[in-house]
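What follows is a single structure, written as structure tokens, with notes after it.
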Amino acid sequence: MTHNCIHWFRKGLRLHDNPALIAAMRDCKQLYPVFILDPWYPNNTKIGINRWRFLIGALKDLDCSLRELNSRLFVVRGKPDEVLPELFNKWKITRLTFEVDTEPHSLQRDEEVLKLARDHGVEVIQKISHTLYNLERIIDENHGKAPLTYVRFQTVLKGVGPPKRPVPPPTLGNMKGVSTPCTDKHEEKYGIPTLDELGQDPQLACPEVYPGGEQEALKRLDEYMDKQAWVCSFEKPQTSPNALSPSTTVLSPYIRFGCLSARTFWWRLSAVYQGKKHSQPPVSLHGQLLWREFFYTAALGVPNFNKMEGNPVCVQVDWDNNPDHLAAWREARTGFPFIDAIMTQLRQEGWIHHLARHAVACFLTRGDLWVSWEEGQKVFEELLLDADWALNAGNWQWLSASAFFHQYYRVYSPIAFGKKTDKHGDYIKKYLPLLKKFPEQYIYEPWKAPRSVQEQAGCIVGKDYPRPIVEHEVISKKNIQRMKAAYAKRSPQTDESPAKEKGKKHKGESIKDMLTKKKKKSA
DNA sequence: GGCAAGTTGGCCGG
DNA sequence: CCGGCCAACTTGCC
């Protein structure tokens with residue numbers, strides 16, 4: 001039997017390692033590659049202009065590549081559960097293929113679509129290619145629960161083996177006997193949207209630093225895989241958050257939209273590592289892909305993963321409702337140049353280094369402003385090209401010491417942290433040119449500069465650039481105590497039965513224990 | 001009991 | 001002046 005097929009692109013905006021697309025081409029007469037632009041989607045999540053532009057780039061590139069296979073991309077406007085049944089009838093569809101997406105709202109949407117397909121007699125083929133592994137399998141192997149530590153995650157993976165190899169991209173051979181019926185009105189009806197159509201003002205766009213698309217992704221991948229020594233010695237915590245050009249690969253936006261397959265990246269790294277000494281997870285580049293997998297698994301296994309309430313792994317904290325603090329942070333006017341420079345880079349370029357995310361996330365939440373991580377999550381969702389539901393929620397919980405990471409007394413200093421990798425403040429001067437003329441000595445703390453120095457620099461603190469929004473040394477100490485209180489509330493069983501702990505120590509108290517205790521007391 | 005990607009700032013010894 | 005150690009201090013897992 002030959003089929004009329006829709007391949008539904010959602011994430012996975014690529015031809016390489018796309019098993020669902022290959023499946024669509026098998027025994028196929030007419031192929032319709034579809035992307036559904038859901039105008040209602042932005043209702044619950046705000047998407048910034050840079051993210052829209054990246055998506056447009058990725059769609060254009062996809063359409064280009066499909067043309068080379070004598071096909072085209074159909075961008076369809078509407079809600080999937082309304083649009084797909086129409087298309088099933090109109091195109092006499094017998095088969096629907098797509099890539100598995102494990103985000104909760106996607107799972108719900110796809111459940112609905114499966115029902116509709118069944119009603120229309122449409123066969124559905126789903127393939128896993130967005131993640132390295134079948135995440136359900138990982139949860140099964142861990143006795144039905146998502147692993148909560150990276151070490152545990154790695155232990156589970158040892159039993160599962162390496163990820164599958166990527167599937168080669170389709171060729172004209174795959175398209176033998178397959179056609180994509182297009183009319184003259186294709187552009188008009190199924191064309192790729194413009195920023196205008198998406199309600200974005202192109203005039204407001206900053207210069208594009210990271211163009212979207214599979215070709216761009218593969219070019220970038222090649223460029224980095226050529227640097228073999230760099231790849232083999234890569235250790236994420238050693239890279240700089242405030243380098244003038246990125247100290248890491250910036251492949252994350254491409255992986256987020258599926259312009260680059262994580263499995264392709266994984267096996268390209270394996271090829272570079274082959275026979276050489278190389279860094280290891282969690283800090284290596286393989287380790288980065290595993291962190292992604294780790295948070296994807298947690299996001300699938302933990303209910304309400306993007307919220308504090310109803311999230312069983314998340315510490316419940318009495319965050320302040322402070323719109324002024326939140327706005328200052330979002331709009332890069334906290335008065336801390338390091339923080340404001342990072343937030344400026346985020347808004348302009350759509351990407352900031354992982355450790356820069358640490359600095360601003362800690363500052364917004366447990367470090368200084370005591371604003372809920374959910375608010376920060378929303379801002380990142382809007383502005384980050386690589387904003388990914390699972391990673392965004394997981395990392396915000398990590399940084400706010402709400403889950404995964406618990407050493408809340410480790411607070412990043414908005415002054416000291418940046419200095420370690422950028423003594424002269426060049427990064428600050430790049431993104432906050434207003435402060436360009438401040439002497440090095442004051443670049444991280446311009447409010448400490450004498451009036452005459454501020455005048456000389458042409459920038460008066462309190463007038464041209466804000467005074468610091470909080471006193472970091474004071475507020476961060478207070479906040480540590482607030483975190484301590486939140487943690488204490490968390491486990492009432494230790495409150496009720498302190499005897500348990502005493503009982504445990506009673507018998508086996510060693511000399512070393514006693515020494516440690518004494519030391520602590522005297523300190 | 002010890003260890004875990006990603007702190008800071010103070011103190012001590014060289 | 002620099003590197004190293006320590007305290008501040010938690011949970012999950014081995």
Side-chain angles (χ1 to χ4, degrees), chain A residues 142-143 145-156 158 234-242 247-248 279-292 294-295 298 301-302 312-317 338 352-363 365-368 391 394-421 444 472-491 493-494 501 504-505 507-523:
Chain A
N142 194 44
H143 318 296
K145 285 187 305 188
L148 291 180
T149 67
Y150 195 87
V151 171
R152 178 72 206 143
F153 185 74
Q154 284 181 294
T155 307
V156 174
K158 257 180 223 142
F234 183 91
E235 294 191 357
K236 185 69 162 277
Q238 304 309 316
T239 57
S240 163
N242 45 8
S247 60
T248 53
S279 55
Q280 295 290 330
V283 296
S284 64
L285 283 164
H286 263 176
Q288 305 313 302
L289 287 169
L290 294 179
W291 277 111
R292 171 175 181 270
F294 172 77
F295 285 124
V302 177
V313 303
C314 184
V315 180
Q316 305 295 302
V317 178
F338 181 56
I352 50 178
H353 185 274
H354 190 62
L355 293 177
R357 301 178 196 202
H358 280 215
V360 296
C362 182
F363 186 86
T365 58
R366 65 186 169 86
D368 296 82
L391 279 64
N395 280 307
W396 272 101
Q397 285 172 83
W398 182 294
L399 260 301
S400 61
S402 298
F404 307 112
F405 171 85
H406 309 279
Q407 282 153 291
Y408 53 76
Y409 50 89
R410 291 193 192 171
V411 176
Y412 289 90
S413 159
I415 297 140
F417 186 63
K419 284 186 187 171
K420 283 196 287 192
T421 41
Y444 282 85
H472 173 74
E473 293 75 12
V474 178
I475 201 87
S476 61
K477 291 207 173 62
K478 208 170 102 190
N479 287 348
I480 288 174
Q481 293 312 307
R482 281 181 94 171
M483 280 308 283
K484 188 175 177 161
Y487 268 87
K489 246 195 213 164
R490 188 184 188 209
S491 39
Q493 72 274 14
T494 48
E501 201 143 316
K504 208 173 86 186
K505 283 201 175 159
K507 256 189 180 173
E509 194 165 43
S510 66
I511 291 175
K512 198 180 157 205
D513 279 337
M514 283 156 41
L515 282 174
T516 325
K517 260 194 213 164
K518 259 188 198 165
K519 237 186 189 173
K520 270 186 184 164
K521 264 180 198 163
S522 68

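Proteins get letters first, then strands, A, B, ... in listed order; numbering begins at 1 in each. Given the structure is predicted, the values throughout are model-derived calculations rather than measurements.
- As a whole-Å value, the separation of A:R482 CZ from C:dA8 P is 23 Å.
- A search for side-chain hydrogen bond (donor to acceptor under 3.5 Å, both in side chains) contacts involving A:Y412 returns A:H358, not counting sequence neighbours.
- With sequence neighbours excluded, the residues satisfying ring-ring contact (aromatic ring centres under 6.0 Å, His included) with A:F363 are A:F336.
- One can place NZ of A:K158 at 13 Å from C1' of C:dC13, the figure rounded to the nearest angstrom.
- Under the ring-ring contact (aromatic ring centres under 6.0 Å, His included) criterion, A:H472 pairs with no residue at all, not counting sequence neighbours.
- Using a 4.0 Å heavy-atom cutoff across all strands shown, A:K484 reaches sugar-phosphate atoms only and no base atom.
- Residue-nucleotide stacking is not present for A:Y408 and C:dA8, judged by a side-chain ring centre under 5.5 Å from the six-membered base ring centre and planes under 30° apart.
- In this structure, OH of A:Y487 is placed 15 Å from C1' of C:dA8, rounded to the nearest angstrom.
- Under the rule for a ring-ring contact (aromatic ring centres under 6.0 Å, His included), the partners of A:Y408 that lie at least two apart in sequence or sit in another chain are A:Y487.
- Base pairing in DNA chain C gives the following stems of 3 or more Watson-Crick or G-U pairs, range against range and under 3.5 Å: B:1-4 with C:11-14, B:7-14 with C:1-8.
- Remark: C1' of C:dG12 and CD of A:Q397 are 15 Å apart, rounded to the nearest angstrom.
- The CH2 atom of A:W398 sits 12 Å away from the P atom of B:dA4 (whole-angstrom rounding).
- Applying the ring-ring contact (aromatic ring centres under 6.0 Å, His included) test to A:H353 and every residue at least two apart in sequence or in another chain returns nothing.
- Note: CZ (A:R366) to P (C:dC9) measures 13 Å, nearest angstrom.
- A search for salt bridge (Lys or Arg N to Asp or Glu O under 4.0 Å) contacts involving A:K420 returns nothing, not counting sequence neighbours.
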Using a cut-off of under 3.5 Å, enumerate the N/O to N/O pairs linking the protein to nucleotides 7-9 of chain B.
{"unit_1": "B:dT7", "atom_1": "OP2", "unit_2": "A:R410", "atom_2": "NH1", "d": "3.2"}
{"unit_1": "B:dT8", "atom_1": "OP1", "unit_2": "A:S413", "atom_2": "N", "d": "3.2"}
{"unit_1": "B:dT8", "atom_1": "OP1", "unit_2": "A:F417", "atom_2": "N", "d": "3.4"}
{"unit_1": "B:dT8", "atom_1": "OP2", "unit_2": "A:K420", "atom_2": "NZ", "d": "3.1"}

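- For the pair A:N479/A:R366, no side-chain contact is recorded, criterion being any heavy-atom separation below 4.5 Å from C-beta on.
- Between A:L148 atom CG and C:dT10 atom C1' the separation is 15 Å, expressed in whole Å.
- Counting heavy atoms from C-beta on, the side chains of A:V302 and A:P312 come closer than 4.5 Å.
- Residues passing the salt bridge (Lys or Arg N to Asp or Glu O under 4.0 Å) test with A:R292: none are found, sequence neighbours excluded.
- Atom CZ in A:R490 sits about 15 Å away from atom C1' in C:dC9, given to the nearest Å.
- Here, B:dA5 and C:dC9 have their P atoms 23 Å apart, quoted to the whole Å.
- Comparing B:dA5, C:dC9, C:dT11 against the side chain of A:I480 picks out C:dC9 as the nearest.
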